[in-house]
Amino acid sequence: MSRYSAAEIEAKWQEAWERAGIFRAERAEGRPKYYVLEMFPYPSGRIHMGHVRNYTMGDVVARYKAATGHNVLHPMGWDAFGMPAENAAMEKGGHPKDWTYGNIADMREQMKPLGLSIDWSREFATCDPEYYGQQQALFLDFLDKGLVYRKNAVVNWDPVDMTVLANEQVENGRGWRSGALVERRELTQWFFRISDYAEDLLAALERLDNWPPKVKTMQANWIGQSRGLQFAFSLIDGPEGHDRVEVYSTRPDTLMGASFIGVSPDHPLARQLEKDDADLAAFNAECRRMGTSEEELEKAEKKGYDTGLRARHPFDTSWELPVYVANFILMDYGTGAIFGCPAHDQRDLDFARKYDLPVRDTFVPAEPDADVASPEAGGPAYVPPKSEAVRYVRGFAGPEHQTGEAAVEAAIRFCEDNGVGQGVTKYRLRDWGLSRQRYWGCPIPVVHCEACGVVPERKENLPVTLPDDVSFDQPGNPLDRHPTWRDCACPACGKAAQRETDTMDTFVDSSWYYARFTAPRSETPTDRAEADYWMNVDQYIGGIEHAILHLLYSRFFARAMHVCGHLPEKSQEPFDALFTQGMVTHEIYMTRDAGGRPVYHLPEDVAQGYLKATGEPVEVVPSAKMSKSKKNVVDPVSIIERFGADTARWFVLSDSPPERDVEWTDAGAEAAHKHLARVYRLVAEIAQEPAEAAPQDADTALLREMHKTIHDVTAGVDSFGFNAAIARLYAFTNTLARTQAGGAAKREAARALAQLMAPMTPHLAEELWQMLGGEGLVARASWPRADESMLVDDTVTLPVQINGKRRAEIEVPAELEKSEVEKRALATDAVQRALDGGQPKKVIVVPGRIVNVVV
RNA sequence: GCGGGCGUGGUGGAAUGGUAGACACAAGCGACUUAAAAUCGCUAGGGCGCAGCCCGUGCGGGUUCGACUCCCGCCGCCCGCACCA
């Protein structure tokens with residue numbers, strides 16, 4: 001008998017699948033379709049274990065759905081624009097295009113041996129002119145519908161990458177890619193009107209039943225809905241055009257505690273005043289320089305500048321409040337102006353004490369804490385608990401007892417009734433700035449004409465392709481200094497004009513690729529017949545790191561594409577179900593240098609806990625994210641060469657639940673490989689055995705176990721319980737290896753085993769299927785069905801508890817009556833001993849489960 | 001500060017309110033072998049006076065015949081957001 005040779009088996013069956021063309025997806029009206037998609041990779045040049053895990057999960061779903069009668073679409077492509085290609089060009093010379101397409105070819109070669117059931121005929125890269133040309137067409141459609149616009153705005157400028165970043169791409173005040181401190185610059189940029197969809201994007205989250213709650217919460221927080229009052233303070237002798245200041249407050253119930261007005265340094269009023277006030281101009285300039293990173297904000301003092309202006313309180317016109325420009329007020333949020341209520345906001349209180357402003361309580365705690373001084377008496381700000389505290393809204397609306405939210409609503413109503421402002425709902429979500437000052441991206445298809453202004457390019461002139469003759473020997477955007485590419489004719493008047501040299505944020509590319517996969521060669525962005533059939537993505541799988549950016553942008557894009565007629569109404573939420581998988585981690589070996597900084601080592605340089613070269617003891621951190629710098633990367637290619645793809649697939653699915661991190665261990669991978677070899681030997685033996693029956697009991701027992709396994713594995717695969725499904729397959733293999741059943745029953749069980757393993761280890765499964773004389777490819781065999789009648793045993797072993805503690809077991813027929821079960825349980829020695837001649841207080845019989853005797 | 005999640009053997013982890021630790025890793029013992037590898041079998045939460053009993057799912061309480069699971073209060077760790085008015 002031959003040994004398990006993954007290399008031979010895998011090559012053989014990949015070729016067989018290829019020949020049969022079984023993964024090519026074609027529209028078939030009337031057949032249930034299933035679209036499974038994993039987040040497409042960036043072509044860095046190497047696949048990593050995270051890819052293996054991600055695509056294996058998707059492949060399990062795709063193969064399982066195909067086996068259960070679905071018409072499956074499972075495509076693959078490349079998120080191919082972006083900075084690394086330009087960085088490589090700058091560092092090593094060469095062209096971003098060559099670098100990118102070279103990497104794609106390499107990665108495709110690394111990925112194919114995994115045996116994924118992908119329809120490669122649909123492959124595309126976002127840097128293909130055929131793709132980004134359609135993206136330009138979308139841009140023009142969006143422009144037409146007012147979904148994208150140009151404005152002058154203060155933007156986040158990344159000084160290292162020399163480009164603008166969207167709010168979502170700034171983390172702790174630093175660029176998400178470069179890590180550089182972001183500066184604020186005023187530029188004219190293109191924006192998607194995503195904020196118009198804030199309410200819908202928030203409300204629709206509730207209907208995404210098959211999304212992780214965590215992701216929905218993160219998106220909801222990002223969209224940031226708040227309810228408050230917007231109203232104005234009138235200014236006494238304000239400058240020209242500024243007789244009032246609009247403020248927004250989520251706490252209008254504290255209005256009677258107001259003690260100052262604060263405006264942002266970027267507020268129009270501040271900008272007006274600084275023209276005649278050099279000190280204020282200096283103060284504002286200082287504020288604008290200040291970064292927004294967490295450390296800086298922690299340290300930064302709350303500073304204000306008294307403009308000398310006074311404002312009138314809306315409920316008491318004799319009450320005047322000073323107007324400050326303050327460094328902690330954001331122009332981006334609300335109206336860029338606030339009223340400060342020191343008694344009930346710690347930040348306002350700090351500010352008030354610093355500038356000697358009044359502190360006035362408006363609430364009385366329901367149960368005042370005698371040990372804590374009131375804010376008026378020098379204590380901390382009193383912030384009433386949101387839901388519990390009954391409090392007074394002192395000073396207006398009478399001494400009204402209200403709790404939390406209701407008090408706010410009551411205050412809004414009261415203010416509206418008295419002609420002071422109106423209740424409004426605001427969102428934190430800002431419009432998405434998409435202009436990037438980069439070369440390697442999708443050109444924005446507009447032209448700047450001296451006579452006509454900004455003119456959209458004509459659709460028949462698309463794609464506006466990137467020029468190949470560019471150099472990266474100096475920083476900045478090579479399109480800006482290209483001698484001829486910018487020159488063009490104005491699409492409106494025909495006179496000489498200049499192209500926009502900004503390109504689109506690469507997140508645009510990934511915001512609609514899922515729709516393009518339904519008709520990747522279409523001459524329009526989508527083909528409605530195909531999109532209507534294949535959309536939505538039934539199961540989307542990817543990393544949690546995309547919880548906000550990519551998934552929010554995609555949800556917006558799907559809506560916008562629907563408005564333009566490129567997607568059906570149902571696809572406004574493009575991903576019916578989302579699964580976020582964990583990382584693959586691996587241990588790291590480290591020592592410390594003289595300064596206590598960690599130094600990382602490759603596993604082969606370590607022996608028995610000591611560094612081979614120096615004999616230093618090595619610390620082992622068991623579970624860290626794989627990264628080059630930590631020298632703990634496991635290369636999938638070498639794993640596949642050593643063990644085969646089936647082993648890699650089996651291992652990344654076993655051990656840990658898919659949403660959690662899984663730790664890669666060599667021992668685990670070896671064990672996975674041994675197990676597959678064992679299954680191979682076992683099934684090869686069974687295939688040789690004569691197909692005869694054995695004692696009835698043994699055959700029935702094996703087949704019962706088989707049906708239970710079919711049931712459990714199906715349930716596992718159906719609900720992303722891959723680790724549990726694999727554990728069940730281990731157990732079934734153990735049963736099959738030890739059974740006394742005859743050849744016929746064993747053969748039937750082995751066939752089921754091959755089928756159940758097929759989604760996870762498809763090559764081995766084909767080989768087993770063939771050995772067992774299965775018809776055709778197991779990849780196209782229909783999923784086995786569990787026979788309900790085989791799932792219940794004739795007799796069951798019931799634990800007998802005394803006062804909730806297990807004390808005995810009884811074997812009873814499964815259908816035995818409750819009263820008889822009770823009788824037998826009471827007859828056990830353990831229960832007799834416990835009763836000591838007395839009567840039980842109570843006996844609980846849960847049929848098929850347990851008996852509990854209370855004494 | 002706000003929001004969310006998690007806490008079970010040496011390790012990864014399993015358990016519709018019903019026998020806690022399935023399955024696997026690592027470990028130990030044994031069989032086969034001249035030997036090793038491979039393979040197969042066995043042991044395995046802790047403890048005690050070991051046919052039996054006690055303790056045990058972060059800690060303290062509660063509900064229940066019965067709690068890893070539900071409720072209340074702590075502790076610890078992780079993640080997301082945050083000068084957001």
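Protein chains get the first letters and strands the later ones, always in sequence-line order, with residue 1 at the start of each.
Counting any heavy atom pair closer than 4.0 Å across all strands shown, A/A667 reaches sugar-phosphate atoms only and no base atom. Using a 4.0 Å heavy-atom cutoff across all strands shown, A/N734 reaches sugar-phosphate atoms only and no base atom. If you check every strand for non-hydrogen atoms under 4.0 Å, A/S249 touches sugar and phosphate atoms only. Within the 4.0 angstrom heavy-atom criterion, base atoms lie near A/V846.
Between the side chain of A/N852 and the base of B/C65 there is at least one donor-acceptor pair of N/O atoms closer than 3.5 Å. For A/R807 and B/U19, a side-chain-to-base donor-acceptor distance below 3.5 Å is absent, hydrogens and geometry of angles not being considered. A donor and an acceptor atom sit less than 3.5 Å apart, one in the side chain of A/K302 and one in the base of B/C83.
For RNA chain B, the stems formed by at least three consecutive Watson-Crick or G-U pairs, with both atom-pair distances below 3.5 Å, span B:1-7 with B:75-81, B:10-12 with B:23-25, B:27-31 with B:39-43, B:45-48 with B:52-55, B:58-62 with B:70-74.
The backbone N or O of A/Q225 lies less than 3.5 Å from no partner atom in the side chain of A/R428, so there is not a single donor-acceptor pair. For A/Q832 (side chain) and A/L826 (main-chain N/O), a donor-acceptor pair under 3.5 Å exists by modelled atom type. Remark: side-chain polar atoms of A/H586 are not paired, donor with acceptor, to backbone N or O of A/M626 under 3.5 angstrom. Side-chain atoms of A/T795 never come within 3.5 Å of backbone atoms of A/E811 as a donor-acceptor pair (strictly under, hydrogens ignored).
If you measure from atom CD of A/E286 to atom C1' of B/C83, you get 16 Å, rounded to the nearest angstrom. Rounded to an integer number of Å, the gap from A/L429 CG to B/A82 C1' is 16 Å. If you take CZ of A/R728 and P of B/A24, they are 12 Å apart, rounded to a whole angstrom. Look at CD on A/Q801: it is 11 Å from P on B/G18, rounded to the nearest Å.
For RNA chain B, the neighbouring residues in residues 655-662 of chain A, judged by any heavy atom under 4.0 Å, are A/D655, A/S656, A/P657, A/R660.
Scanning both residues, A/N632 and A/E587, for their nearest heavy atoms gives CB-O, 3.3 Å. Between A/A669 and A/T647, the shortest heavy-atom contact is O-CG2, 3.5 Å.
With no hydrogens or angles considered, a side-chain donor-acceptor pair links A/Q230 and A/E246 at under 3.5 Å. Side-chain contact, A/D431 with A/S195: a donor N or O sits under 3.5 Å from an acceptor N or O.
Sorted by first and then second residue, the salt bridge (Lys or Arg N to Asp or Glu O under 4.0 Å) pairs with a member in residues 662-679 of chain A read A/R642-A/E670; sequence neighbours excluded. Among residues at least two apart or in separate chains, there is no salt bridge (Lys or Arg N to Asp or Glu O under 4.0 Å) pair with a member in residues 843-855 of chain A.
At B/C55, one or more side-chain N or O atoms of A/K805 fall inside 4.0 Å of OP1 or OP2 (strictly under the cut-off).
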Polar atom pairs (N or O), protein with nucleotides 39-42 of chain B, under 3.5 Å:
{"residue": "B/C40", "atom": "OP1", "partner": "A/R678", "partner atom": "NE", "Å": "3.2"}
{"residue": "B/G41", "atom": "OP1", "partner": "A/R738", "partner atom": "NE", "Å": "3.3"}

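Proximity of the aromatic rings of A/W664 and A/F651 is defined here by a centroid distance below 6.0 angstrom, and this criterion is met.
In this structure, A/F722 and A/F720 have tilted ring planes: the angle between them lies in the 30° to 60° band.
Annotation: B/A20 and B/U39 have their C1' atoms spaced 33 Å apart (nearest Å). Separation of the P atoms belonging to B/G12 and B/A67 is 27 Å when rounded to the nearest angstrom. Nucleotides B/G9 and B/G17 place their C1' atoms 24 Å apart, quoted to the nearest Å. A gap of 25 Å separates the P atoms of B/C65 and B/C59, to the nearest Å. For B/C71 and B/C6, the P atoms lie 12 Å apart once the distance is rounded to whole Å. Separating the P atom of B/A26 from that of B/A37 is a span of 14 Å, rounded to the nearest Å.
For the side-chain hydrogen bond (donor to acceptor under 3.5 Å, both in side chains) test, residues two or more places apart in sequence or in another chain that qualify with A/R227 are A/E409.
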